[in-house]
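As the structure is a prediction and not an experimental result, all values here were calculated from the model. For the single chain, residues carry numbers from 1 onward in sequence order. Both ligands and their constituent atoms are indexed starting at 1 by order of listing.
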Amino acid sequence: MNTETPGGPKFMTLERHIIEGEREHEGATGSFSSLLHNLSLAAKLIWREVTKAGLVNILGKTDRMNISGDVIKKLDEFADQTIYKAMDHGGDLCVMASEENEDILQIPDDYPHGRYVLIYDPLDGSGNIDANVTIGTIFSVYARVTESGMGTIEDVLQPGHRQVAAGYLLFGSSMMFVYCTGHGVHGFTLDPSVGEFILSHENIRIPKRGSIYSVNEGNFDRWNPNTQRYIRWLKEEDQATGRPYSQRYIGSLVADVHRTMLYGGIYCYPGDTRNPNGKLRLMYENNPLAFIIENAGGAASDGRRRILDIKPTSLHQRVSLYIGSREDVRTAEEFLAGMR
Ligand code: P6P
């Protein structure tokens, strides 16, 4: 515990933080807390395999592709199954949806059905697994819209502004659990010696403008001219506006967005001539990260519309993403609208 500097982050575990959050909601049944607790257990189980990757036969590919055409890695499959099994019997959920599965995932009939919906990307950035680069899990929680019983696609296809919570797990030099229930964004770092997530980043706030941009410039020739002009503008010399920006791109969305939230700047995945709506999935990636970034004081758009206002039309639909510091996202939107 940090006793030298009074006023530093209080010594708080994720469990305690969840319980205190529950107490602020009159009439809370504890179901939401139970959901988050079970998710934190799944996080530790996935982390245990991620740290062993390379030592046991958990690396490499399966012979399956997901609906989005991505080859499913063994660790993807492990993470997907671990989350489902950790969450299916708690009685908190009426339905789930995973980026690795084409359709919604029903709760087994013999388990109770609850009032929440869990949508998750079990292991994002999995192309980096074999190279030991940071990867992550992204999750999103909604309240069901149907009355009772088995959840339906209607419970899942909700606009992002209806999320009641969102978060991500970061498997990097240390393991982090970052989440938001609409009252600030809080990061917890796993202390493996006690197996507890300890509050390490309380109430994360993103700078209103940064000096880092994060995009795969390999796609430059396929972008539309306004997108190309924006990225060129970031690289021009102009001390008055803090340019040129530095370029950082890990190729793991969770890691790139986490850095953007802490340091400021912008992460972009633009549409292009090959993928007009970009590569990232609205329900599994853009919505949860937009909910988090907005709660940290930032912004997230598809270049024109606020991500959280987009009404989803299909489970795996892709949407371009510009996410980060509020002023950086606004500047990007001005270029994309041809206003600059
Ligand atoms: P590209 C990983 O597959 C992912 O979904 C995100 O984690 C990452 O930001 C993006 O794709 C990388 O895509 O086209 O730059 O390799």
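- The ligand atoms of ligand 1 that sit less than 4.0 angstrom from a heavy atom of Leu253 are 6 (C), 7 (O), 8 (C), 9 (O).
- With respect to atom 8 (C) of ligand 1, the closest heavy atom belonging to the protein is Gly251 O, 3.3 Å.
- Put simply, the residue from Ile323, Asp256, Leu289, Val178 that forms a side-chain contact (heavy atoms from CB on, under 4.5 Å) with Met261 is Val178.
- Scanning the protein heavy atoms around atom 11 (O) of ligand 1, the nearest turns out to be Lys279 NZ, 3.1 Å.
- Short contacts between ligand 1 and Gly125, defined as distances under 4.0 Å to a heavy atom of the residue, involve ligand atoms 2 (C), 7 (O).
- When only non-hydrogen protein atoms are considered, atom 15 (O) of ligand 1 lies nearest to Tyr249 OH, 2.6 Å.
- Heavy-atom neighbours of Tyr249 OH from other residues, nucleotides or ligands within 6.0 Å: above the threshold of 12.
- In the displayed structure, Arg115 atom CZ is contacted under 6.0 Å by at most 12 heavy atoms of other residues, nucleotides or ligands.
- Taking atom 14 (O) of ligand 1 as the reference point, the nearest protein heavy-atom neighbour is Tyr269 OH, 2.6 Å.
- Looking at Tyr267 against ligand 1, only its side chain comes within 4.0 Å, counting heavy atoms.
- When each atom of ligand 1 is checked for a heavy atom of Glu285 under 4.0 Å away, the hits are 5 (O).
- When hydrophobic clusters are built by joining Ile, Leu, Val, Met, Phe, Trp and Tyr residues whose side-chain heavy atoms come closer than 4.5 Å, directly or via intermediates, Tyr120 is grouped together with Phe197.
- The atoms of ligand 1 that sit less than 4.0 Å from any heavy atom of Asp124 are 5 (O), 6 (C), 7 (O).
- Atom CD of Glu237 sits in a crowded spot, with more than 12 heavy atoms from other residues, nucleotides or ligands closer than 6.0 Å.
- Proximity to Asn216 (heavy-atom distance under 4.0 Å) selects the following atoms of ligand 1: 1 (P), 14 (O), 15 (O).
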Evaluate Glu99 against Arg281 for salt bridge (Lys or Arg N to Asp or Glu O under 4.0 Å), listing each step before the verdict. CA-CA 8 Å; Glu99 189 192 77; Arg281 274 67 44 147; 3.1 Å; yes
